[in-house]
Amino acid sequence: MFYQAIFFAELVVLFFLSRWMIQALSLICYRIFRKERAVIYVLALLFSPGTLLHELAHMLVAALLFVRVGKIELFPYKTEDGIRLGSVAIAHTDPFRRSLIGLAPLFFGTVGIFLAGYYFSSLPLEPWSASWRIILLILIIFEIGNTMFSSKKDVEGIPALVIVLVLFLVAGYIIGIRIPDAIWIYIYSAGIQAFFRQLSLYMLVPLSINALILFTAKKLSP
């Protein structure tokens, strides 16, 4: 499970970097344009596709779980905690469904990053198109990687869900229920290892760009 561990470690790091990066990028844009409205427009232009995927993931899973959704906001706006790229109103529901809805963008984003990398890497490498394809792939992974994490409100049902799952696992272990060997064989299979190896490589894109943006913002700060 080496590559799985690397991938999940990258997710944790990216989770924090993405939060700081948005604020850092806002600072850089403000230093350049000197207008808050211009900062909002730049963020909207840069992150709107990823924000759209994020909110649609919430809405799709909510619809599949028969949970009502309300107003969707795709334009960045300022809150007490900083800049938010978007939001969608979700009706109150049980912790299990709330957790699935909250985690939907993370699942869709992970799959989206893998599919984008797989698609572009499977195309014939032609000199005239290689540059723009690489740039487009970097932009797609950067976009998705920085917009696939949920807010605190989106995942407010997860602690209760985790407690229930832990209790079930402990109870199952006590009464002798074990994970079937077939599942462990699948997890350690070459195909799964290759999948996570590719994902861990793709995740280096947003991690590297975010680190560069944070470094630049630190240099610009008084």
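Computed from a predicted model, the values in this text were never measured in an experiment.
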Supply the atom-to-atom distance L106 CG to H54 NE2, rounded to the nearest 0.5 angstrom.
10.0 Å
L204 reachable from F215 in the ILVMFWY side-chain graph, under 4.5 Å edges
no
Rounded to the nearest 0.5 Å, how far does CZ of F2 lie from CZ of R197?
11.0 Å
Starting at OG of S200, measure out to CZ of F7 and round the result to the nearest 0.5 Å.
8.5 Å
Considering only Ile, Leu, Val, Met, Phe, Trp and Tyr, and joining two whenever side-chain heavy atoms are under 4.5 Å apart, list the other residues clustered with I175.
I177
Would the number of heavy atoms belonging to other residues, nucleotides or ligands and lying under 6.0 Å from CZ of F15 be above 12?
yes
Derivation and outcome, side-chain contact (heavy atoms from CB on, under 4.5 Å), residues F33 and V42:
CA-CA 10 Å; F33 300 106; V42 170; 3.7 Å; yes
For L11 and M148, work out which heavy atoms get closest and say how close.
CD2-CE, 3.4 Å
Can you get from F107 to F96 by hopping between Ile, Leu, Val, Met, Phe, Trp and Tyr side chains that sit under 4.5 Å apart?
yes
Nearest-0.5 Å distance, CD1 of residue I6 to CZ of residue F196:
12.0 Å
Shared hydrophobic cluster, L64 / I72 (ILVMFWY, side-chain heavy atoms < 4.5 Å):
yes
What are the two closest heavy atoms between A24 and L214, and how far apart are they?
CB-CD2, 3.7 Å
Which residues share a ring pair (Phe, Tyr, Trp, His ring centres under 6.0 Å) with F114, sequence neighbours left out
F195
Please confirm whether the backbone N or O of T93 pairs with a side-chain atom of R98, one donor and one acceptor, at under 3.5 Å?
no
Could you pull out the closest heavy-atom pair between A62 and I90, with the gap in Å?
CB-CD1, 4.3 Å
State the CZ-NE2 distance between R68 and H92, to the nearest 0.5 angstrom.
11.5 Å
Hey, are the side chains of V164 and F168 touching, using non-hydrogen atoms and a 4.5 Å cut-off?
yes
Do L60 and L52 share a hydrophobic cluster (ILVMFWY, side-chain heavy atoms under 4.5 Å, transitive)?
yes
Can you say whether the rings of F142 and F47 are parallel (under 30°), tilted (30 to 60°) or perpendicular (over 60°)?
tilted
Kindly give the heavy-atom pair with the smallest separation between V67 and A91, and that separation in Å.
CG1-O, 3.7 Å
side-chain contact (heavy atoms from CB on, under 4.5 Å) assessment of Y41 paired with L45:
CA-CA 6 Å; Y41 286 148; L45 179 65; over 6 Å; no
Which heavy atom in I213 sits nearest to a heavy atom in I28, and how many Å separate them?
O-CD1, 3.7 Å
Check whether any side-chain heavy atom of S26 sits under 4.5 Å from a side-chain heavy atom of L43, and report yes or no.
yes
Linking I/L/V/M/F/W/Y whenever their side-chain heavy atoms sit closer than 4.5 Å, directly or via other members, would L212 and I135 fall into one cluster?
no
Heavy-atom closest pair, residues L14 and F149
CG-CE1, 3.7 Å
Close side-chain approach of P206 and I141, heavy atoms under 4.5 Å:
yes
Checking the side chain of H58 only, and the main-chain atoms of I101 only, is there a donor and an acceptor separated by less than 3.5 Å?
yes
Rounded to the nearest 0.5 Å, how far does CD1 of I209 lie from CG of N146?
8.0 Å
